[in-house]
2 protein chains.
Amino acid sequence: MEQRAAGRRTPLNRARVLHAAVALADEAGIDAVSMRRLAEELGVVPMALYKHVANKDELLDGMVDVVLGEIEPVEPDGRELHWTDAVRQRVLSARRAVLRHRWARQAIESRTHRTPVVLGHMDAVAGMFRAGGCSVDLTHHVMHALGNRIWGFSPELFDEPPSDPAGPGPTAEEQEAMVREFGRRFPHVLEIATVATEGDLSAVGQGCDEQFEFEFALDLLLDGADRLRRQGWRSRDRAGAPPTI
Amino acid sequence: MEQRAAGRRTPLNRARVLHAAVALADEAGIDAVSMRRLAEELGVVPMALYKHVANKDELLDGMVDVVLGEIEPVEPDGRELHWTDAVRQRVLSARRAVLRHRWARQAIESRTHRTPVVLGHMDAVAGMFRAGGCSVDLTHHVMHALGNRIWGFSPELFDEPPSDPAGPGPTAEEQEAMVREFGRRFPHVLEIATVATEGDLSAVGQGCDEQFEFEFALDLLLDGADRLRRQGWRSRDRAGAPPTI
DNA sequence: GGCCGTTGGTGTACGCCGTACACCGCAGAT
DNA sequence: ATCTGCGGTGTACGGCGTACACCAACGGCC
């Protein structure tokens, strides 16, 4: 009888608000998430939301919590994992969660609040370093080095340069002239773009293989960390990694 | 005679607008930089700015360009530098520029546009990798791994948790209870905080030694890159760094 | 059954924001 | 003397977050 005959809607609560916000961001982008638009989506007046979240900042925090809540714990799996593989698994799971929600990267980057969910993820990762034999000291600094990668994304230098949707674009020879001029000013960027697109410069802008870049950096850092661990690195030693070999 | 007797102000131009915006952000924070506020600062009506910047996004781009313009080139210095030291110098110069303007980190992170100034910095860094003997392939992936560090800042997991300015705060025993509860839920985060503050947990929140963390990560990545270079790493090898040693 | 405090949704209003669009004064070229 | 266009103006629109006063329904209590 809690549904009350005709059209008494089920009351709002914090979870419903947050999940509606996530759904809205998923389908209309993070910019579409305004208190007014979200309220409309829930069939309610904007001020009603403030009974469930303190303000917009807290709404964003809650949305990030929802995403981070999708991270799957690393299950022990019978045989032992090397600690770097355990971290790798958890970070890649975080990555899948973030990729599921395209707005999440930007939202996480803009947050400045440590919610319990956020602390929980950091604690879980730190625990894996410790279980692998890293000192507290090393764990601390390596987590800093991982930076945003702990949340499953790289700080992208840039997202896609949106191909301008106006007209048929420049002619082939205009395009070639532009490439030449570009190469005169930025030769090293051009050669990278050439190699990355395997010579098809018209494919510039569809971006790099982000998953590869992410795993490359992750492994570079984890391998470096493991090497420091084996050397018994302590931060008083100063200087990132000593000149081994 | 361009000053025109009494109080005909010197006309606006793009550079004046950008530098006024930078100055405003420096002293009042990036949030204070609105078209209206900036116009007021320049003694002009808001719409006047639009004769010099296309819109607010372009204004932000221009402000970032101003900051990046403060990066000092690495001078050859007589004796040869190892390539990692050259990169290190340039990146640390970029860091000094970014630190000079506290809003710059956030502004850079939010940008999605590659201005010529931005491309110029990337090109300069890529050129140092190449001069050091890195392949185009390796240069590409390592620059991705460096991520935001190329601009001179780490993706901070979090900035300071602002000590709440209300009242005298909790009593000592309340505080101890909070720490105990925190440690129950986030034991690994707590031990890191304990070590980082050298036991003085009341100092939590004044943050880590960011400069140390930055250089630690930078050196870890550059050393890893140099090791890969010496090994003749190619991206078809897959997997960040092979299990050397 | 009658009261009453609490919880959750409402309505109005304020002060910001970015920016579209029409306008206009003035300098320099014709 | 007239034209042209650049740079500054004024007005207006639609959006935003949220403070504050209000009110309907409900649960617990006598």
Side-chain angles (χ1 to χ4, degrees), chain A residues 1-22 24-25 27-64 103 106-107 110-113 166, chain B residues 1-22 24-25 27-64 103 106-107 110-113 166:
Chain A
M1 195 153 300
E2 79 293 2
Q3 188 67 15
R4 193 63 137 156
R8 186 121 214 94
R9 65 170 171 276
T10 73
L12 247 44
N13 58 49
R14 187 180 161 94
R16 283 226 307 141
V17 170
L18 294 184
H19 281 89
V22 167
L24 177 55
E27 71 193 32
I30 192 69
D31 285 342
V33 180
S34 69
M35 298 303 269
R36 297 170 128 98
R37 172 82 186 269
L38 176 57
E40 192 181 359
E41 215 77 24
L42 285 162
V44 113
V45 91
M47 287 309 293
L49 302 177
Y50 287 86
K51 300 286 178 175
H52 304 281
V53 295
N55 51 45
K56 183 160 183 185
D57 252 30
E58 211 201 76
L59 175 72
L60 273 301
D61 283 343
M63 292 172 67
V64 169
W103 47 273
Q106 179 187 340
S110 76
R111 294 304 67 209
T112 180
H113 225 86
Chain B
M1 196 154 298
E2 80 292 5
Q3 187 70 16
R4 194 59 142 162
R8 185 122 213 93
R9 64 169 171 278
T10 72
L12 248 43
N13 58 48
R14 188 179 161 92
R16 283 225 309 140
V17 169
L18 294 184
H19 281 90
V22 167
L24 177 55
E27 72 193 32
I30 192 70
D31 285 343
V33 180
S34 69
M35 299 303 270
R36 297 171 129 97
R37 172 81 186 270
L38 176 57
E40 192 182 358
E41 216 76 23
L42 285 162
V44 113
V45 94
M47 288 311 293
L49 302 177
Y50 287 86
K51 301 288 180 177
H52 305 281
V53 295
N55 51 44
K56 183 159 181 184
D57 252 31
E58 211 202 75
L59 175 72
L60 272 305
D61 284 343
M63 292 172 67
V64 169
W103 47 273
Q106 179 187 338
S110 75
R111 296 299 73 205
T112 182
H113 226 85

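Just so we're clear, the structure is a prediction, and the values are computed from it rather than from any experiment. Lettering follows sequence order; numbering is per chain, from 1. Because only heavy atoms are used, hydrogens play no part in the values below, and waters and symmetry mates are left out as well, while side chains stay in.
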Rounding to 0.5 Å, atoms CG (B:L18) and CZ (B:R16) come to a distance of 11.5 Å
In whole Å, I'd like the distance from the CZ atom of B:R14 to the P atom of D:dG7. 13 Å
Given side chains that start at C-beta, do those of A:M63 and A:R111 come closer than 4.5 Å, heavy atoms only? no
D:dC6 P sits how many Å from B:L49 CG, rounded? 18 Å
Nearest heavy-atom approach of B:N55 to B:Y50 is CA-CE2, 3.9 Å
Could you write out each protein N or O paired with an N or O of nucleotides 16-20 of chain C at a distance under 3.5 Å?
from	atom 1	to	atom 2	distance (Å)
C:dC17	OP1	B:S34	OG	2.8
C:dG18	OP1	B:K56	NZ	2.8
C:dG18	OP2	B:M35	N	2.9
C:dG18	N7	B:R36	NH1	2.3
C:dG18	O6	B:R36	NH1	3.1
C:dG18	O6	B:R36	NH2	3.2
C:dT19	OP2	B:Y50	OH	2.9
C:dT19	OP2	B:K56	N	2.9

Separation of D:dG14 atom C1' from A:E40 atom CD, nearest Å, is 14 Å
Would you say the side chain of A:L59 lies within less than 4.5 Å of the side chain of A:M35, judging by non-hydrogen atoms? yes
Quick one: A:E41 CD to C:dG9 P, roughly how many Å, whole number? 17 Å
OP1 or OP2 of D:dG8 versus the side-chain N and O atoms of B:H52: is any pair under 4.0 Å? yes
Within this structure, what is the CD-CD1 distance for the pair A:Q106 and A:I30, rounded to the nearest 0.5 Å? 7.0 Å
Rounded distance (Å) that lies between atom P of C:dG8 and atom CG of A:L42: 15 Å
Tell me which pairs pass side chain to side chain donor-acceptor pair (under 3.5 Å) where either residue lies in residues 29-43 of chain B, with sequence neighbours left out. B:R37-B:E41
Would you mind reading off the distance between A:E58 atom CD and D:dG17 atom P, rounded to a whole angstrom? 15 Å
In whole Å, what is the span from the CG atom of A:L38 to the P atom of D:dG17? 10 Å
